[in-house]
Amino acid sequence: MATIKPFKGFRPPKDLVEQVASRPYDVLNSEEARQEAAGNEKSLYHIIKPEIDFPEGTDEHDPRVYQKAAENFQRFQDNGWLVQDEQEAYYVYAQTMNGKTQYGLVVGAYVPDYLNGTIKKHELTRRDKEEDRMKHVRVNNANLEPVFFAYPDDAELDALVARYTSRKPVYDFIAPGDGFGHSFWVIDDAADIVTITERFARMPALYIADGHHRSAAAALVGAEKAQQNPQHRGDEEYNYFMAVCFPASQLTIIDYNRVVKDLNGLTPSAFLEALRTHFTVEEKGTEIYRPDRLHNFSLYLEGQWYSLTAHPDTYDDNDPIGVLDVTISSRLILDEILGIKDLRSDKRIDFVGGIRGLGELKKRVDSGEMKVALALYPVSMKQLMDIADSGNIMPPKTTWFEPKLRSGLVVHKLD
């Protein structure tokens, strides 16, 4: 059963929230962060991308950079740009994209739940990325950015959240760049806090949607602190890390597509003929073609779009990994025909989040940078949860969630 708790968040004053709030650290590079934070000393990038305060080219993993994050975090507190709430609370964080709103509860997730598998993951993590985030959590003694969880739908929680979101929000703004809406409410009523805690205690699992490295880092630092504390009780703040939890039915996974530099020595006609072994191939012309169902793929090659439909004997509906379109395409197209064995390391392949649109695939092929593009029908939340429940791991670059969580609306300190 899932254990959560409220916490005394550090938050920007209402009139500063748009200056403080930022995109997550891992969706932009150092130069982009430098540009977005230009002229804004209150931007959270000074804490989550502190290399921007050093000369260009400074290694973001330099010990001085981590130390600068801690100095800047303290400065934000000293200057009143982040102020701690007086009492423990849960928070509601709503995001609106393309007219659709999803409502998340910001909670303290329980470190032992991550370690024992109650918080379920669907991706592998890399130790170097974990260590980077662990250093950031350690030096700041805080979770500066939340992780993104899904939970099984709960009507009682839906009603409670709806009651709060009918009121005027504490924060309400449109983020620059993406144009997505972000709204925020504080839940500090004692009875409502008890209700939320009890409803989560009935859930058999929570699911990491986005932020596997941040989750791992936060949990591992919490476990470290427990080991280092001879008076450890189990209720200390470091036993929890900040997560925004959304009802699974509200979340949208969008497609995560592939572009490849060459046809592995094949001519375009030979490549298309090889595809016909496992797929029904239909030419769709020059207008962008989007996959319209599971096991249907879109291919762009030499100015033409094609529909590929996998033959029924190419997948097993009872195999939670094998039935995924990312698995089918990796096995029968990328590996068998194009010779790409390792999606993580092969330099001939790149990945394009569906938020950029299929026009981005066309652009990269038409420019000559890439030879062929492959668009996939997006994974469903049910598939993700089934895979996590079975203890399996999804192939690399399977899921892309939008909108991304805005960082800086609330921060969780570990003491």
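Positions are given from 1, in the same order as the sequence printed here.
- A heavy-atom distance below 4.5 Å is not found between the side chains of S298 and L374.
- In this structure, H182 has its ring center at least 6.0 angstrom away from the ring center of Y171.
- Considering F148, Y207, Y103 as possible partners of F246, the one that fulfils the ring pair (Phe, Tyr, Trp, His ring centres under 6.0 Å) test is F148.
- Between Y240 and Y110, a ring centre-to-centre spacing shorter than 6.0 Å is recorded.
- The residues R138 and E224 are annotated as salt-bridged, a charged nitrogen and a carboxylate oxygen being separated by less than 4.0 angstrom.
- Cation-pi geometry between K121 and Y114 is met: under 6.0 angstrom from the ring centre, within 45 degrees of the axis.
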Decide salt bridge (charged side-chain N to carboxylate O under 4.0 Å, His left out) for K371 and E302; before the verdict, give the C-alpha distance in whole Å, the side-chain angles of both, and the deciding distance to 0.1 Å.
CA-CA 8 Å; K371 183 65 178 177; E302 296 206 315; 3.3 Å; yes
Given side chain to side chain contact (heavy atoms under 4.5 Å, CB included), test K341 with L334 step by step and report yes or no.
CA-CA 7 Å; K341 309 290 183 185; L334 300 177; over 6 Å; no
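- Atom NZ of K284 is surrounded by more than 12 heavy atoms from other residues, nucleotides or ligands within 6.0 Å.
- Centroid-to-centroid, the aromatic rings of Y91 and F184 come within less than 6.0 Å.
- Side-chain atoms of H212 come within 3.5 Å of backbone atoms of E123 as a donor-acceptor pair (strictly under, hydrogens ignored).
- Classification of E36 and R23 as a salt-bridged pair holds, one side-chain N sitting under 4.0 Å from a carboxylate O.
- Within the 3.5 Å criterion, the main-chain N or O of Q250 finds a donor-acceptor partner in the side chain of K100.
- Remark: side-chain polar atoms of D255 are not paired, donor with acceptor, to backbone N or O of Y377 under 3.5 angstrom.
- Rounding to the nearest 0.5 angstrom, the gap separating the CD1 atom in I340 from the CG atom in N264 is 8.0 Å.
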CA sep, side-chain torsions, deciding dist, call: Y315, H295, ring pair (Phe, Tyr, Trp, His ring centres under 6.0 Å):
CA-CA 9 Å; Y315 53 86; H295 313 325; 3.8 Å; yes
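- Using a 4.5 Å heavy-atom threshold, the side chains of V259 and V372 count as separate.
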Report the C-alpha separation of L332 and I337 in whole Å, then their side-chain angles, then the decisive distance to 0.1 Å, and conclude whether the side chain to side chain contact (heavy atoms under 4.5 Å, CB included) test is met.
CA-CA 7 Å; L332 301 180; I337 302 175; over 6 Å; no
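- Using a 4.0 Å cut-off between charged nitrogen and carboxylate oxygen, D85 and K8 do not count as a salt-bridge pair.
- Between D350 and R364, at least one side-chain N (NZ, or NE/NH1/NH2) sits under 4.0 Å from a carboxylate O, which counts as a salt bridge.
- Under the 6.0 Å cut-off for aromatic ring centres, F297 and Y306 do not qualify, their centroids lying 6.0 Å or more apart.
- Atom NZ of K42 is surrounded by more than 12 heavy atoms from other residues, nucleotides or ligands within 6.0 Å.
- Evaluated for a side chain to side chain contact (heavy atoms under 4.5 Å, CB included) with D26, the options R133, R214, H213, K404 yield exactly one hit, R214.
- Side chain to side chain, D132 and Y66 meet the donor-acceptor criterion of an N or O pair below 3.5 Å.
- M394 is listed as a side-chain neighbour of L384, based on a closest heavy-atom distance under 4.5 Å.
- Separating the CZ atom in R199 from the CD1 atom in I4 is a distance of 11.5 Å, to the nearest 0.5 Å.
- Residues F173 and L409 form a side-chain contact, since some pair of their non-hydrogen atoms from C-beta on lies under 4.5 Å apart.
- In this structure, the side chains of L376 and P291 stay at 4.5 Å or more apart for every pair of heavy atoms.
- Residues S30 and E51 have side chains that bring a donor and an acceptor to within less than 3.5 angstrom of each other.
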Pair S345, D342 - check side-chain hydrogen bond (donor to acceptor under 3.5 Å, both in side chains), show working.
CA-CA 6 Å; S345 63; D342 186 348; 3.0 Å; yes
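- The aromatic ring centres of Y289 and W305 sit 6.0 Å or more apart.
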As a quick check of understanding, evaluate side chain to side chain contact (heavy atoms under 4.5 Å, CB included) for V323 and D316, giving each step before the final call.
CA-CA 6 Å; V323 75; D316 176 2; over 6 Å; no
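- Atoms CD and NZ, on E130 and K135 in that order, are 13.0 Å from each other to the nearest 0.5 Å.
- Summarising the geometry, atom CG belonging to L338 is positioned 6.5 Å from atom CZ belonging to R348; distances are rounded to the nearest 0.5 Å.
- Under the 3.5 Å distance criterion, the side-chain polar atoms of S183 are left unmatched by any main-chain donor or acceptor of D172.
- Within 6.0 Å of CZ in R276 there are more than 12 heavy atoms belonging to other residues, nucleotides or ligands.
- Electrostatic pairing of D192 and R163 counts as a salt bridge here, judged by a charged N lying under 4.0 Å from a carboxylate O.
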Using the side chain to side chain contact (heavy atoms under 4.5 Å, CB included) rule, take V186 and Y164 through it: C-alpha gap first, then chi angles, then the decisive distance, then the call.
CA-CA 8 Å; V186 178; Y164 277 85; over 6 Å; no
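- A salt bridge does not link E336 with R331: none of the charged nitrogens is closer than 4.0 Å to a carboxylate oxygen.
- With contacts defined as side-chain heavy-atom distances shorter than 4.5 Å, the pair V111/L115 qualifies.
- Using modelled atom types, one side-chain atom of T398 and one backbone atom of P395 make a donor-acceptor pair closer than 3.5 Å.
- Ring centers of Y151 and F200: under 6.0 Å apart, within the cut-off.
- Within the 4.5 Å cutoff, the side chain of I208 has heavy atoms near those of the I119 side chain.
- Salt bridge absent: K363 and E369 never bring a charged side-chain N and a carboxylate O closer than 4.0 Å.
- At least one side-chain heavy atom of F73 sits less than 4.5 Å from a side-chain heavy atom of L82.
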